[in-house]
2 protein chains.
Amino acid sequence: MAHAVANSYDRLNTGLDLTRQMAQQLSQAIYNGDLKPGQRLPTEAAVSQRYGTSRSVVREALSMLRQSGLIVSRRGSGSFVADSPTAELRFKLPHRSFQAVIELLELRRAVEVEAARLAAIRRTSSQLRHIRNAMADIDEAVENGGTGVEEDMAFHRSIAKAANNAYFTASIDFYNRFLQHAIAVTRTNEAQRLTFMEQVVAEHQAILNAIADGEAEAAARCVVTHLSRAEKRLRQAPAELFDRIDKKEDAPTSTPN
Amino acid sequence: MAHAVANSYDRLNTGLDLTRQMAQQLSQAIYNGDLKPGQRLPTEAAVSQRYGTSRSVVREALSMLRQSGLIVSRRGSGSFVADSPTAELRFKLPHRSFQAVIELLELRRAVEVEAARLAAIRRTSSQLRHIRNAMADIDEAVENGGTGVEEDMAFHRSIAKAANNAYFTASIDFYNRFLQHAIAVTRTNEAQRLTFMEQVVAEHQAILNAIADGEAEAAARCVVTHLSRAEKRLRQAPAELFDRIDKKEDAPTSTPN
DNA sequence: TTAGTAAGGTTGTCAGACATCTTTTACCAG
DNA sequence: CTGGTAAAAGATGTCTGACAACCTTACTAA
């Protein structure tokens, strides 16, 4: 049906740039499946005529899709929908915005709670072992004088992996890239370090036990508790630590080893 | 440092497209710090002259950087290096993979449940009104013979917005791009359509009520119910509906010649 | 001083042309 | 008919020039 595609070729009316509108509509058509992986797109001339724009607009729109990995173009041949189309989620973390970190923590909590719930149900024994090891690694790192930040993140990651859903793992990795600094703040808050460490260990242990016992709801509750307290600990961190976070980007971790 | 800039303005010699080379050099200049956040880029004309290419090439290269979130352009003013670092999360949705859709639904459920919980607590009266309107829009769309897919997504989006956390909104928009198709399947499942519609309306109403009443836990439970049932409805959809999704525009399978 | 306005600069869009490469077609030899 | 080769057609990549829409600045006039 030729006009089954018609919905994807609506008028370009809104206030946005023509090129953005076109990129949007084309990517929609790809996500919808109106344009399927491997399929050839209409020629630039055809698209420009259909949308009533110039070829420049089409080319810049295609340039965006190309950059997003949605299409590939071959000179003399045409442009084709990528074999496994990807979508990107992009987060902006405004500089020195404490609020943004808090909001990200909320999102992370949403995902990790569900991940723990699923992990309690679906974990294999091998995955449970990995979680145990990850927890032991934190202690070891701390005893060796490290901050244990990497290991802490790996612990949470191992839980996400035990949920057996690749999207959870990818999401948590994504959040952690932004939150790494924030986690570091909590763990390097010397004033309260020992108190915090004990709390964290206990909370981690509770999560692990719930997952080991296959208690989904308990695991979820434990993660809620853990991450809510993590937020509290973060809020208690001295302001100067945050400053250091925001400008840390110049030198690679001058933290005392 | 001084000649670091010179490196950025080398000849464009390799076999790649001019536009790709230029995009590469410019983004490198940004990562290097030769071009700092907030700084204005040279004008398109200047860049094209400096590199010895046409303005089209420059514009397409900038289009790529724009898509990557590295720069922003303001008409009449210029292009500027973005001031907030961005990270991108890319999901691959394997073609024809029913399993991938299910996994995405799980992730979406995690986020939307928390969004509803927060919305119940933080919503403004204006945002509540938006949610109400969005719900009415679904009915209207259906009565007018539409599927209401767009409106359904808008309803969930309005809830995410009421959570007053931009990352939730962005995430849900992201998931929905992948899931739009799956939602459409449920909504166009003629066999059970009326039954499903009634269920969906009731579930939406329950969510709305909980959010209106400020009952966070109730709102969360309602969303869990709604999305779990949505998954069930999706699983009940006849296989041929999925097939139609996957090969919607696959007409010319007949062997020519 | 301040408001208004004109001038110039910059990105966004359009149109047409040519270069380079790929695919298809047409033709010819076998 | 078949197979191979060359020409033609078609597609993307690049160039050029022009105008539109918008922003910024500077200058003028009250």
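Note that the structure is a prediction, hence the values are computed from the model and not measured. Naming: A, B, ... by sequence-line order, numbering from 1 per chain.
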Test salt bridge (Lys or Arg N to Asp or Glu O under 4.0 Å) applied to B:R59 - qualifying residues, sequence neighbours left out: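 Checked B:R59 against salt bridge (Lys or Arg N to Asp or Glu O under 4.0 Å); matches are A:E60, B:E44.
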
Under the rule for side chain to side chain donor-acceptor pair (under 3.5 Å), what residues qualify as partners of [X], not counting sequence neighbours?
X: B:T124; value: B:Q127
X: A:S68; value: B:Q67
X: B:N176; value: none

Looking only at side chains, do B:R66 and B:S73 share a donor and an acceptor under 3.5 Å apart? yes

Between B:E106 and B:R109, does any side-chain N to carboxylate O distance fall below 4.0 Å?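 No salt bridge links B:E106 with B:R109.
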
Specify the separation, in whole Å, of atom [atom1] of [X] and atom [atom2] of [N].
X: B:Q49; N: C:dT10; atom1: CD; atom2: C1'; value: 15 Å
X: A:Y51; N: C:dT13; atom1: OH; atom2: P; value: 15 Å
X: B:E60; N: C:dT11; atom1: CD; atom2: P; value: 16 Å
X: A:L18; N: C:dT11; atom1: CG; atom2: C1'; value: 13 Å

Assign B:T43 to base, sugar-phosphate, or nothing according to its heavy-atom contacts below 4.0 angstrom with the strands shown. sugar-phosphate

Using a heavy-atom cut-off of under 4.0 Å over every strand shown, decide if B:R40 touches base, sugar-phosphate, or nothing. sugar-phosphate

Output a table of donor-acceptor pairs, distance under 3.5 Å, between side-chain atoms of residues 128-137 of chain B and any protein atom two or more places apart or on a different chain; print 'none' if there are none.
residue: B:H130; atom: ND1; partner: B:S126; partner atom: O; Å: 3.1
residue: B:N133; atom: ND2; partner: B:R129; partner atom: O; Å: 3.4

Give a yes or no on whether a donor-acceptor pair under 3.5 Å exists between the nucleobase atoms of C:dG12, that is its base, and the side chain of B:R55. yes

Not counting sequence neighbours, list each pair that qualifies as a ring pair (Phe, Tyr, Trp, His ring centres under 6.0 Å) and has a residue in residues 21-47 of chain A.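 For residues 21-47 of chain A: A:Y31-B:F178.
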
Can you work out whether B:R66 or B:S56 has the more 5'-proximal nearest nucleotide on DNA chain C? B:R66

DNA chain C: B:L41 or A:V57, which has the more 5' nearest nucleotide?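 Looking at DNA chain C, the more 5' nearest nucleotide goes with B:L41.
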
For B:F155, check ring pair (Phe, Tyr, Trp, His ring centres under 6.0 Å) against everything at least two apart and list the hits.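 Testing B:F155 for ring pair (Phe, Tyr, Trp, His ring centres under 6.0 Å), a comparison that skips the adjacent residues, returns B:H204.
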
Where does the chain B footprint on DNA chain D start and end, counting 5' to 3' with a 4.0 Å heavy-atom cut-off? D:dG13 to D:dC23

Between residues 70-78 of chain B and DNA chain D, which residues have a heavy-atom gap below 4.0 Å? B:R75, B:G76, B:S77

